[in-house]
Protein chains: 2
Amino acid sequence: MAVTIRDVARQARVSVSTVSRALSAPGLVKEATRQRVLEVVRGLGYEPNRAARSLITGRTGNLGIVVPDLENPFYPAVLRGVQSRAHEAGCAVFFCDSRVAAEDALVRTMAAQVDGVVLCASLLDDDQVAELADTTPMVLLNRTLPGVSSVLMDSASGMAQVVEHLAELGHTDRVYLGGPEQSWSHRRRLVGLADRARRLGPFEPTFDGGVEGARQALSTGATAIIAYNDLMALGVLSHLSTRGIRVPEDISVTGFDNILYAAMCHPPLTTVAMPTEEAGRVAVDLLVDRLAGGPAECRELPTRLVPRASTGKAPMFS
Amino acid sequence: MAVTIRDVARQARVSVSTVSRALSAPGLVKEATRQRVLEVVRGLGYEPNRAARSLITGRTGNLGIVVPDLENPFYPAVLRGVQSRAHEAGCAVFFCDSRVAAEDALVRTMAAQVDGVVLCASLLDDDQVAELADTTPMVLLNRTLPGVSSVLMDSASGMAQVVEHLAELGHTDRVYLGGPEQSWSHRRRLVGLADRARRLGPFEPTFDGGVEGARQALSTGATAIIAYNDLMALGVLSHLSTRGIRVPEDISVTGFDNILYAAMCHPPLTTVAMPTEEAGRVAVDLLVDRLAGGPAECRELPTRLVPRASTGKAPMFS
DNA sequence: CTGAAAGCGCTAACAT
DNA sequence: ATGTTAGCGCTTTCAG
């Protein structure tokens, strides 16, 4: 059997409540006793039983995060931010990839054992999200819903920067390969795009989706392809290379997210940097605030264009 | 207040113990009563309180996994396998990236709230791992320790295949850019390498580590660079490209892991495919067996060479 | 097959 | 400032 609060109390010659207080309400016990207790705690290697504690407090000390696709490097980056901040806040984090099961089922399962959850780029409809948010404290990432905290990355501005960049290079015929239609990020990118590019899609926001998008884009004769995200842009690059089309001489390509590989591919990808890790940290902050009884809050983080070699002057432009 | 077992008992006109049994020991209660209870459970939306349950059983129904670097796509793949299998087994999974805090501290923290942990590619020394394994049921991934379950990917054979492939292409001067010296995978790769390549390193198993490795490799005059993993190989490719060195015409390059980007880079990378997702699933299987009182078990999964365009005939070889 | 009762380890009134 | 005590919601003997 593990060492319990009673063992500590006995050895420190105090009552269990004093031990409890020494540990979780330092102000309520005399410094000398507290030290004595702490010493015994260390000596015995006592670790409070979380189950017992939660049974009373109703708190688990855990946070949950649900992401749509861990294999998109965007999410590990977010997760890293979440985890480091959660760690600072003394919380452990449960994690789920929603390809494993339905998003709402996952959140519900999680809700039972965490104090709150970070829901990333949810594709659920508003009613479903609202229902979940009603059950458990929640912060949304790249998604909004009235009354629910959220952390947003400014996709509209990012996309506007992309279009402007392309325009400056002389591209007049631009095509956008869209992501999932329910996606908030996709819709915000459309806002930034306005009517400054044709639209194709929706496509899967993956490498293969990009390959398919490139195929379709080629038949439009556009000189610039704007992909929904970097993963797709990588697929676009790959397809163009297969077809012997040069980037950026023949066609310019842009992505979104600035994942690690955007800098490593050939040619390096012009893209929009997203404050992923920061977003993860802010999400936890908002969640913690919420748990402490604060109000729902919405925070938008800036994005910025990262020009690289996949964009160049439009052909025949001087 | 949430609905408790007592509410169910009252409404189903049975005792709490009957409800408890109906839920977790179906054999011990008459089918008719069980149905009645289940109906009330559904009607009330009753969900047993996990804290209360674990307080008694000592089980949490949770698994933990610690990985060294979530941003290496190798680990999300493992994580995916772990999660899908855990989900089937009715377990939720806690996750930690050991860049957030010291590995052993993380495992210890986790141990308090999971039934067992999967420890990936640990760099701790044997004593430390042994101590942890003593505290909590554990399965090691790509690491061995007597008496502890483990899932291994056959790095030695994979590396032997790489060297053989290079030899067939006429490369006689090969150089290996090593990974972390404490890494089991690294040491197994050395075994597969035997004395068939010079050795450089250790390097960080990252893109930047690869860049540095390439720099050093160039001064050796070798015609083939064998990187510890794909991330490094990507760095090698990048550095060579910067220096105007052609791959594979001037130098051949190989990686290890077959991450998604190995197929997407330029030129596509010859590498060794690792059964990552499978390994994650097997790890959970072994852990579950262990929790059920089974013996420690060791499973080695095969790897295989994936030849792509980054390797070619040695210069001057015909 | 079912019920009564005793806790699991801890926190939070309530006393002192 | 510290001790006493009553549970938190559940499982699990032990009786019947």
When rounded to whole Å, the CG to P distance for the pair D7(A) and dC8(C) reads 12 Å

Nearest-Å distance for atom pair CZ/C1', residues R50(B) and dC8(D): 17 Å

Counting only distance, no hydrogens or angles, is the base of dA1(D) paired donor-acceptor with the side chain of T33(A) under 3.5 Å? no

Output the distance between atom CE (M153(A)) and atom CG (N142(A)), rounded to the nearest 0.5 Å. 4.5 Å

Indicate yes or no: does D97(A) engage R80(B) in a salt bridge with an N to O separation below 4.0 Å. no

Taking for each residue the nucleotide of DNA chain D bearing the nearest heavy atom, is the 5' side occupied by A51(B) or by R21(B)? A51(B)

To the nearest angstrom, the CZ-P distance between R6(B) and dT11(D) comes to 12 Å

In whole Å, I'd like the distance from the CZ atom of R10(B) to the P atom of dG3(C). 14 Å

Which residue lies toward the 5' end of DNA chain C, K30(B) or I56(B), if each is placed at its nearest nucleotide? K30(B)

Does either side chain, that of Q35(A) or that of E31(A), offer a donor lying less than 3.5 Å from an acceptor on the other one? yes

Answer yes or no: is there a side-chain heavy-atom contact under 4.5 Å between I65(A) and C120(A)? yes

Does the side chain of S20(B) get closer than 4.0 angstrom to OP1 or OP2 of dC10(D) through an N or O atom? no

Below 4.0 angstrom from OP1 or OP2 of dG3(D), is there any side-chain N or O of S15(A)? yes

Comparing E31(B) and A52(B) on DNA chain C - which has the more 5′ nearest nucleotide: E31(B)

In terms of side-chain heavy atoms of T57(A), which of dT11(C), dG9(D), dA5(C) is nearest? dT11(C)

Looking only at side chains, do S17(A) and S20(A) share a donor and an acceptor under 3.5 Å apart? no

Whole-Å distance between dT5(D) P and I5(A) CD1? 16 Å

Does S17(A) place a side-chain N or O at less than 4.0 Å from the phosphate oxygens OP1/OP2 of dT11(C)? no

Rounded to whole angstrom units, what separation is found between the CZ atom of R59(B) and the C1' atom of dG9(D)? 20 Å

Round to the nearest Å and state the distance from R13(B) atom CZ to dT2(C) atom P. 15 Å

Would you kindly give the CG-to-C1' distance between L55(A) and dA12(C), to the nearest whole Å? 13 Å

